[in-house]
Amino acid sequence: MAGRHSVSGRAGAMLAGGLCLLLVAGCLQRPSAPETRAAYFVEKLVLEPQALEDLHAVAVFPADGPADVLATEVPVRTALAYLRARVRLGARLGFHTGDVAKPSPERRQVTVSVSEGLALGTRDAVHFQVDLTRQGGDWMITQLHAD
């Protein structure tokens, strides 16, 4: 009898370990819906601009170019610099999706608001408009704007 309990105990432990691995793998995948992909991109661009592989996987820009290549407009560069400075000073940022415009079946424009802490006040948040285009079945970021 002792042998049976140890075999079933090992099987249970292996099953639990396998489920944990699946859960971790699921968390590491990049989002695919336009809204979550837009928020993921803005969060990575603010907090981890050096994570080029992750940024290249969800956005269209030259493979050898910096992640900030989509930040050509002065308001976008200013917003990114401000948010990165706030993080360096210890601020905890929240990333929230808002309005979604659907100009065509293959295009989306998603508003991503970034605020400090848990509160999302429109007055205190930085707003990005993320343009996405469906390419090969995936939603890819093509442009970034800020107010």
Side-chain angles (χ1 to χ4, degrees), residues 8-147:
S8 66
R10 278 187 237 137
M14 287 177 34
L15 179 62
L19 289 174
C20 286
L21 285 175
L22 286 174
L23 182 63
V24 169
C27 291
L28 295 176
Q29 290 181 345
R30 295 175 188 101
S32 59
E35 297 84 358
T36 53
R37 188 163 273 216
Y40 173 86
F41 177 76
V42 171
E43 184 172 354
K44 283 283 182 189
L45 196 56
V46 170
L47 301 177
E48 299 178 60
Q50 72 282 2
L52 293 179
E53 183 179 330
D54 290 335
L55 291 165
H56 283 279
V58 297
V60 177
F61 53 92
D64 59 346
D68 287 353
V69 75
L70 290 179
T72 57
E73 300 174 354
V74 172
V76 174
R77 291 195 315 263
T78 303
L80 289 173
Y82 168 75
L83 292 169
R84 289 171 182 161
R86 294 298 304 144
V87 168
R88 282 192 300 277
L89 292 172
R92 303 190 93 186
L93 301 179
F95 297 82
H96 314 278
T97 56
D99 296 335
V100 178
K102 300 176 182 178
S104 75
E106 300 301 314
R107 292 184 52 229
R108 297 289 185 274
Q109 295 173 328
V110 179
T111 300
V112 176
S113 300
V114 184
S115 61
E116 287 190 41
L118 298 175
L120 176 61
T122 56
R123 181 176 45 103
D124 299 328
V126 175
H127 304 284
F128 292 94
Q129 180 181 310
V130 183
D131 294 348
L132 300 100
T133 303
R134 187 185 298 272
Q135 296 181 358
D138 290 327
W139 287 102
M140 300 299 287
I141 288 89
T142 56
Q143 190 58 256
L144 186 63
H145 308 278
D147 62 5

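Values below: all heavy atoms of this structure, side chains included; hydrogens, waters and symmetry mates excluded.
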Anything under 3.5 Å between a donor and an acceptor, one on a side chain of residues 98-106, the other on a protein residue two or more places apart or in another chain? List them.
{"residue": "S104", "atom": "OG", "partner": "E106", "partner atom": "N", "Å": "3.4"}
{"residue": "S104", "atom": "OG", "partner": "R107", "partner atom": "N", "Å": "3.3"}

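For A79, the side chain to side chain contact (heavy atoms under 4.5 Å, CB included) partners are V126, F128, A146, not counting sequence neighbours. Shown here are the side-chain hydrogen bond (donor to acceptor under 3.5 Å, both in side chains) partners of E73, two or more places apart in sequence or in another chain: H145. For E43, the side-chain hydrogen bond (donor to acceptor under 3.5 Å, both in side chains) test picks out no residue, with sequence neighbours left out. With sequence neighbours excluded, the residues that form a side-chain hydrogen bond (donor to acceptor under 3.5 Å, both in side chains) with R86 are E116. Qualifying side-chain hydrogen bond (donor to acceptor under 3.5 Å, both in side chains) partners for Q129, counting only residues two or more places apart in sequence or in other chains: D131. D138 meets the side chain to side chain contact (heavy atoms under 4.5 Å, CB included) test with R37, M140; sequence neighbours excluded.
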Carefully, step by step, assess L132 and T142 under the rule side-chain contact (heavy atoms from CB on, under 4.5 Å).
CA-CA 6 Å; L132 300 100; T142 56; 5.9 Å; no
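Between V110 and P34 the shortest heavy-atom distance is CG2-O, 4.0 Å. Shortest non-hydrogen contact noted between P49 and L55 is O-CD1, 3.7 Å.
Distance CZ/F95 to OG/S115: 9.0 Å, rounded to 0.5 Å. Atom-to-atom distance recorded for L144:CG and F41:CZ is 6.0 Å, nearest 0.5 angstrom. Atom NE2 of residue H56 and atom NZ of residue K44 lie 13.0 Å apart, to the nearest 0.5 angstrom.
Counting heavy atoms from C-beta outward, V60 and I141 have side chains that stay 4.5 Å or more apart. For the pair L45/R84, a side-chain contact is recorded, criterion being any heavy-atom separation below 4.5 Å from C-beta on.
Between the R108 side chain and the V130 main chain, no donor and acceptor come within less than 3.5 Å of each other.
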